[in-house]
Amino acid sequence: MRAIQVYEVGGPEVLREAEVDRPRPGPGEAVVEVAASGVNFLDVYHREGRYSLPLPFTPGAEGAGTVVEVGPGVADVAVGDRVGWVEIPGTYAERAVVDSSRLVPLPDDIGFETAAAVLLQGMTAHYLVKDAYPVQGGDTVLVHAAAGGMGLLLTQLVTHLGGRVIGTTSTTAKAELAKRAGAAEVVLSSAVDDLAAEVRRLNGGQGLPVVFDGVGAHTFDASLASLRTRGRLVLFGAASGAVPPFDPMRLAHGGSLTLIRPSLGDFIADRSELLRRAADVFEWVRSKALEVTVTGRYALSEAARAHSDLEARRTTGKLLLVPDAAALGRREETQST
C-alpha cells in the first residue's frame, strides 16, 4: 500500500511517499482503510523531531475510515464499522492499524471528512474550555490564531458558552473569518506594536481571565501581559516554536498568574472519557454550535505541500489528506462546477 514515510526528521521535504507492507492486526487491534486524515501541527512536531517517534514512521495522528480487519480479542468494533481516532500515528497512509479501544464509532450523520477534520481539534477545544479553563458566561478571552482550524473551533465554543472572544490573526481576510466564527474583536498581530496593550484597550483597560495560546514563542510574552491578576495562560501548542525557559517568578510578578501546558492525551486517557468528549463534539457539530471548515484537500503525494502551507500560515480552517486520489479528483471536479 501507499504511505508517507519519515526516514529522518526535518522540514516538509522529509515526507516521502513509499510502498510499504499492508499492516496486519495484532491482539486487540483493528486495520482501518483510511478515508481521510487530518493535518495538524502535531504532525509537524513529529516530523521535526520535537516530539520524537522511532524512525522510520508514518505521520498523521487523526483519521477516519472503515474497519477492514480485526485481530484476536477485539470487541469494541467489527469489520465494516465506520470509525475515527486521534493521537495514534500512522494516518498518512491507505490503511492504518489502531488499538481498537481507541477507535470512536461514527454516527450515521457524521461523514469521514467531518470526523477527520474535527475529532482532534474538537476534543482539544472541548477540554480547553471545559477543563483547562472552564469558560463561563461573561468571560472575555483571548484566542491566538483565531482563523486557524483550532482557533475557529475555540472561538465558536467560547461564544457558544456565553464568552466574548478577542482574537488575533495575521491578515484582514483572516480577521473576517474569525468574526464570522463569533469573535467580538480581532487584532491584526502584525499591525500593533504592543499586542497586550491593545487587548487590554479592547477590554476596557482590564486584563483577561484566560488566554488560549497555541502559537507559543511569538505570543507568549504578550499572552502573559494580557492577563489580569490570578489569570490563566493555557499554552496548548507551539506553532511558532517552543517557548524558551523562563523564571517562574514572572508569574508572581504578573499578579499570581497560572500557566498550564495541557495535552489532549491526558484528557482522553480512558475509553469512557474519549467517547464522552467525542459524543459532545459530534453533538456540537450536529447542532451547528461547531461548523467544520475544510479549506484544503491534498493527495498523499502532496503531504509535503500540505505541511508547507500549514507552517507558512497560507491556510485557514482544516486541511485533510485524502488517500484515495480518484475520490479526491471527483470531489474537486464537483466543487469546481
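Side chains included, hydrogens not; waters and symmetry mates left out as well; all remaining heavy atoms used. Computed from a predicted structure; not experimentally measured.
Taking the six-membered ring where the residue is Trp, Phe220 and Phe246 present tilted rings, their angle falling between 30° and 60°. Ring-plane geometry between His126 and Trp284 is classed as tilted, the angle between the planes lying from 30 to 60 degrees on a 0 to 90 degree scale.
When atom types are taken as modelled, the side chain of Ser226 and the backbone of Ala222 share a donor-acceptor pair closer than 3.5 angstrom.
The heavy-atom pair separating Phe212 from Leu128 by the smallest distance is CE2-O, 3.6 Å. Closest approach of Ala35 to Val322, counting heavy atoms only: O-CG1, 3.8 Å.
Counting heavy-atom neighbours within 6.0 Å of Arg24 CZ, excluding the residue itself, gives a total of 12 or less. The 12-atom threshold is not exceeded at CZ of Arg22, counting heavy atoms of other residues, nucleotides or ligands nearer than 6.0 Å. In Arg50, the CZ atom is crowded: over 12 heavy atoms of neighbouring residues, nucleotides or ligands sit closer than 6.0 Å. More than 12 heavy atoms of other residues, nucleotides or ligands sit less than 6.0 Å from atom CG of Asp270.
Between Lys318 and Glu62, at least one side-chain N (NZ, or NE/NH1/NH2) sits under 4.0 Å from a carboxylate O, which counts as a salt bridge. Classification of Arg95 and Glu69 as a salt-bridged pair fails, no side-chain N sitting under 4.0 Å from a carboxylate O. Using a 4.0 Å cut-off between charged nitrogen and carboxylate oxygen, Arg102 and Glu87 do not count as a salt-bridge pair.
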For Asp76 and Arg271: C-alpha separation, side-chain torsions, deciding distance, then whether salt bridge (charged side-chain N to carboxylate O under 4.0 Å, His left out) applies.
CA-CA 10 Å; Asp76 301 302; Arg271 182 163 178 78; 3.7 Å; yes
